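Inspection log for the structure reproduced underneath, given as structure tokens.
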Amino acid sequence: MNNSDSRINPRQLGTPRGGPYAAVPTSGDRKNLNKPTRGRRKSIFEAYMSKENVSAGLKRGELIQGPLRINPKKYHEAFIPSPDGSRDIFIDGVVARNRALNGDIVVVKLLPRDQWKVIKPDGSDKETEVTHESDLPEDMLGTCIPQETAKGDAQSPDVIIEAQFDDNDAEHGQDHLQDTLTDDIKKFSLDTSEKGKAAGVTGVHRTKQDDGPKVNDPRLLPDEFLQRTAKVVYILEKKHSRAATGFIKLLADRNSELFKRCAMFSPVDHRVPRVYVPLADCPPDFVAKPEAYSQMLFICRIVDWKEDSNFASGQLCKSLGQAGEIEPESEGILTEYGVDFSDFSPEVLECLPQNLPWVISPGELAKRRDLRKECIFTIDPSTARDLDDALSCKQLPDGNLEVGVHIADVSYFVLEETALDKVASQRATSVYLVQKVIPMLPRLLCEELCSLNPMRDRLTFSVIWKLTPEGKILDEWFGRTVICSCVKLSYDHAQSMIDSPGKVLSPEELPPVSPQHSIAEIQEAVLNLHRVAQHLRKQRFTEGALHLDQMKLSFTLDQESGMPQGCYIYQYRDSNKLVEEFMLLANMAVAHQIYRSFPEQAFLRRHPQPQTKLLKDLMDFCNQVGLDIDFSSAGSLHKSLNETFGADKYSRARKEVLTYMFSRPMQMALYFCTGILDDETLFHHYALNVPFYTHFTSPIRRYADIIVHRLLSASLGARSPIKMEKEAIQKQADHCNDRKMASKRVQELSADLFFSIFVRECGPLESEAMVMGVLSKAFDVLVLKFGVQKRIYCNALPLVDFHFQKAGKKPELTLLWEPEELEEESVPQVITIFTLVEVVLTADGGPLKYSALLKRPSLDK
């Protein structure tokens with residue numbers, strides 16, 4: 001598809017004449033309106049500032065930089081975080097966004113105060129900041145990765161929490177963009193005029209309530225009623241992949257010159273612009289039979305987006321297949337998020353041991369502590385193939401325990417500055433889809449040489465403690481080791497041992513066990529680990545840790561077709577907690593060790609405090625609904641959440657809803673290099689409430705852990721110090737953060753894809769749901785059986801009428817249902833926060849669309 005001679009000159013594309021796309025000048029063009037244009041097109045977007053002016057403006061504090069977040073429900077709204085943690089800065093419209101895409105690091109200039117957004121205090125339509133993509137740090141959540149997934153997220157479940165938004169929520173869809181864009185330009189021109197007649201970027205905000213400002217001029221309002229607005233003046237870093245999946249269409253104007261050369265690409269993600277692509281990139285019969293391709297998914301890469309064009313220009317890279325099918329959709333998700341799923345190159349594969357079967361050399365054995373005769377085992381999901389951690393627990397004569405965490409020594413195989421190291425650092429993480437994994441390392445390492453498979457000698461890095469039965473650390477040892485796992489246990493096996501401590505399992509109930517160790521010995525070790533883990537866990541929460549246990553959807557797949565047959569909420573049990581506690585303990589121990597040894601080069605993981613503004617909003621909300629939640633620290637929040645609610649169905653549902661709400665103000669946990677931050681208090685991990693933390697326990701699937709292994713090895717004198725300077729380490733940390741965020745988003749989208757297909761194939765699906773938010777014409781629910789969030793629109797229900805009001809400070813919708821029989825009266829139903837309702841999920845519209853409808857309340861309720 002990529003004929004080099006068919007490339008479009010983006011300069012020629014511009015805006016088609018005469019349609020609804022006619023450009024209205026922005027404020028930046030006003031100065032030039034009286035000058036002759038000499039045939040030059042009028043600009044839609046402002047030219048970017050120069051690098052020098054941007055740098056100077058940032059230094060002077062006149063400009064602000066941050067990651068751009070585009071609202072997936074209303075794609076004309078975007079935000080960047082405020083540097084001081086207060087309310088996000090609002091960027092209104094496509095023109096003000098100035099061609100930046102979601103995730104880009106942008107530089108913005110604040111607009112004058114008279115153009116700031118007036119906030120409705122009643123909250124009836126408050127959707128701005130609650131729709132952003134937030135990320136919960138790994139140690140705040142339970143294990144949530146079934147199927148072909150990493151158990152590692154048991155010990156470190158970094159899960160991005162994002163409402164699963166409907167495409168229909170994008171306000172009329174992509175075809176509405178042209179009108180929105182034209183309106184934006186008019187509004188932007190109006191708002192930036194000196195007269196400032198418009199009341200801010202979003203216009204007038206009236207509310208029927210008495211507690212709101214009646215004045216709409218932002219200059220006359222206090223800051224608490226305002227949100228600062230800005231425009232993008234520069235893109236500092238294009239983080240968005242510039243790739244999108246979508247559909248191709250012929251241009252509307254068949255008589256235009258453009259029609260003969262270009263097609264229109266419409267992305268599925270409404271936050272990405274439509275794109276002109278060369279017809280030469282399209283299938284040969286596309287012009288003759290465009291309808292044959294109406295449901296065919298394509299991948300497009302944006303190449304350019306000029307100031308004078310509503311649309312970007314790009315290249316059509318590949319036809320994926322039919323929309324709504326698992327593999328085309330999955331490939332589209334991977335491409336959009338920049339995941340490298342190509343085969344490893346011969347150059348990379350040459351870095352692997354060539355003489356197979358591989359054996360540990362006598363020389364290497366001599367350098368290591370030999371633990372092959374110890375009772376060491378793995379505990380993983382039943383489907384896991386990359387086993388990077390093992391456990392051991394030995395009773396000592398003095399009544400204490402010797403507990404070991406043994407991690408695959410991946411850095412032995414992945415040597416610095418090799419082709420293998422380079423590709424691992426670029427991929428940075430394995431990516432887990434519902435049906436498969438995209439590995440960070442070649443499978444020979446992931447599933448064989450590094451994987452701690454049973455009854456195979458394997459190289460490891462171990463942390464071994466002498467612990468009291470209550471988990472108090474008496475002694476600690478780090479070192480390079482060699483182990484031979486005696487059995488591969490699943491979480492189910494370990495759980496059955498915990499549930500029935502008196503029952504000795506038969507060989508038939510377990511996978512093959514090494515003849516050197518008895519089942520009874522393994523069971524005793526598991527039970528001792530469980531008892532210590534309970535003490536460690538209790539102690540962590542006593543000392544102020546926070547754990548937000550969100551619902552996670554898992555699937556059972558048809559073995560032949562790969563289609564989802566069923567789905568269930570993954571249960572986070574004591575066997576998961578057992579593994580998690582010892583992984584956390586090892587990660588913390590290694591963090592202290594590498595920071596002590598390399599205070600300028602240590603690769604750690606920090607978790608900043610929650611976002612101030614969003615936390616305040618949540619506190620206000622809890623006060624409004626009469627919930628007594630202590631937000632003063634991570635520990636107090638955990639205590640409130642776990643002690644406020646009973647065990648009945650309603651209380652459990654309310655706790656699930658609050659868990660989702662509490663995730664919103666939480667910031668991402670971040671890798672960083674200690675030499676870059678001067679203030680040691682910034683190293684703190686909010687959710688774990690510890691001063692130092694890192695990732696050491698999953699080197700098969702995380703490049704961060706490989707760096708940490710190298711630092712640990714150097715700290716023990718087993719190798720020379722790592723060659724990277726602190727700036728290079730920080731750059732790698734930033735890249736690991738980006739790829740971790742992308743992989744989590746891909747994982748979520750994969751689950752969304754499979755659930756959409758499940759609804760289509762097995763629906764309609766009924767479930768109880770709890771109301772999470774009430775707007776003036778719609779409300780959001782958490783569907784309790786499946787853990788998905790959906791918006792229910794009043795105009796989609798058979799209602800006689802509905803009305804919105806505030807009961808005190810609490811938003812409330814009253815629905816009046818049409819009577820089922822003529823002589824019956826309308827049935828009223830009050831919808832407010834925490835109302836339990838019955839919903840039906842039904843496939844509709846496109847191949848992956850589904851909606852939630854409210855079931856009619858029964859008369860006896």
Side-chain angles (χ1 to χ4, degrees), residues 135-161 378-384 389 391 432 434 489-499 526-527 529-541 545-556 566-585 587 634 637-639 641-643 645 647 649 651-663 666 669 687-688 697-698 701 744 747-748 751 755 782-789:
D135 182 47
L136 278 188
E138 71 286 0
D139 314 303
M140 209 186 271
L141 296 138
T143 310
C144 304
I145 312 194
Q147 268 92 258
E148 286 231 30
T149 53
K151 176 272 306 286
D153 281 37
Q155 52 263 34
S156 57
D158 258 275
V159 178
I160 297 171
I161 309 307
T378 58
I379 305 175
D380 289 274
S382 56
T383 54
D389 56 272
L391 292 162
Y432 293 87
V434 169
L489 298 176
S490 70
Y491 282 121
D492 290 338
H493 296 133
Q495 191 61 42
S496 63
M497 294 176 184
I498 292 166
D499 291 340
V526 169
L527 290 171
L529 286 170
H530 169 60
R531 283 189 280 269
V532 176
Q534 285 180 307
H535 287 293
L536 290 172
R537 194 172 186 81
K538 186 179 177 186
Q539 186 65 23
R540 275 203 309 115
F541 291 119
L546 169 63
H547 182 88
L548 291 178
D549 194 7
Q550 282 201 306
M551 292 193 287
K552 179 75 177 182
L553 197 58
S554 304
F555 300 87
T556 51
C567 60
Y568 57 96
I569 298 294
Y570 186 76
Q571 294 301 307
Y572 186 68
R573 299 173 297 173
D574 285 341
S575 55
N576 302 89
K577 294 172 186 175
L578 180 163
V579 175
E580 180 188 8
E581 287 309 315
F582 290 106
M583 298 304 125
L584 289 174
L585 198 64
N587 285 335
L637 189 56
H638 180 88
K639 196 174 178 186
L641 192 56
N642 286 279
E643 293 182 3
F645 303 103
K649 182 176 74 174
S651 297
R652 285 200 312 271
R654 207 159 62 139
K655 183 181 173 184
E656 296 290 359
V657 166
L658 278 175
T659 299
Y660 273 85
M661 290 180 174
F662 288 176
S663 76
M666 299 302 164
L688 290 173
T697 54
S698 295
R701 64 182 187 86
K744 291 301 172 189
Q747 194 174 308
E748 283 193 334
F755 187 64
L782 178 64
V783 183
L784 297 168
K785 194 172 177 182
F786 305 111
V788 298
Q789 298 174 46

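Because the structure is predicted, anything quoted here is derived from the model rather than measured.
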Heavy-atom side-chain proximity of [X] to [Y] below 4.5 angstrom:
| X | Y | result |
| --- | --- | --- |
| Q495 | L578 | no |
| M551 | Y660 | yes |
| L553 | I569 | yes |
| F582 | I379 | no |
| Y491 | V579 | yes |
| K655 | R652 | no |
| R540 | R537 | yes |
| T659 | D549 | no |

Side chain of T556, backbone of G566: donor and acceptor closer than 3.5 Å? yes
Just by distance, do the side chain of H493 and the backbone of S490 share a donor-acceptor pair under 3.5 Å? yes
Between L489 and M497, does a side chain to side chain contact (heavy atoms under 4.5 Å, CB included) hold up when you go through it step by step? CA-CA 11 Å; L489 298 176; M497 294 176 184; 4.1 Å; yes
[atom1]/[X] to [atom2]/[Y] distance, rounded to the nearest 0.5 angstrom?
| X | Y | atom1 | atom2 | value |
| --- | --- | --- | --- | --- |
| D380 | D389 | CG | CG | 6.0 Å |
| S575 | D499 | OG | CG | 8.5 Å |
| Q571 | D492 | CD | CG | 11.5 Å |
| E581 | Q539 | CD | CD | 11.0 Å |
| H547 | N642 | NE2 | CG | 8.5 Å |

So which heavy atom on R701 is nearest to which on Y432, and how close? CD-OH, 3.3 Å
Please report the shortest heavy-atom distance between L784 and A653, naming the atom on each side. CD1-CB, 3.6 Å
Starting from the C-alpha separation in whole Å, work towards a yes-or-no answer on side chain to side chain contact (heavy atoms under 4.5 Å, CB included) for L536 and K577. CA-CA 10 Å; L536 290 172; K577 294 172 186 175; over 6 Å; no
Measure the acute angle between the ring planes of F755 and F786, then classify it against the limits of 30° and 60° as parallel, tilted or perpendicular. tilted
The test is side chain to side chain contact (heavy atoms under 4.5 Å, CB included); show your working for L546 and L641 and say whether it passes. CA-CA 10 Å; L546 169 63; L641 192 56; 5.6 Å; no
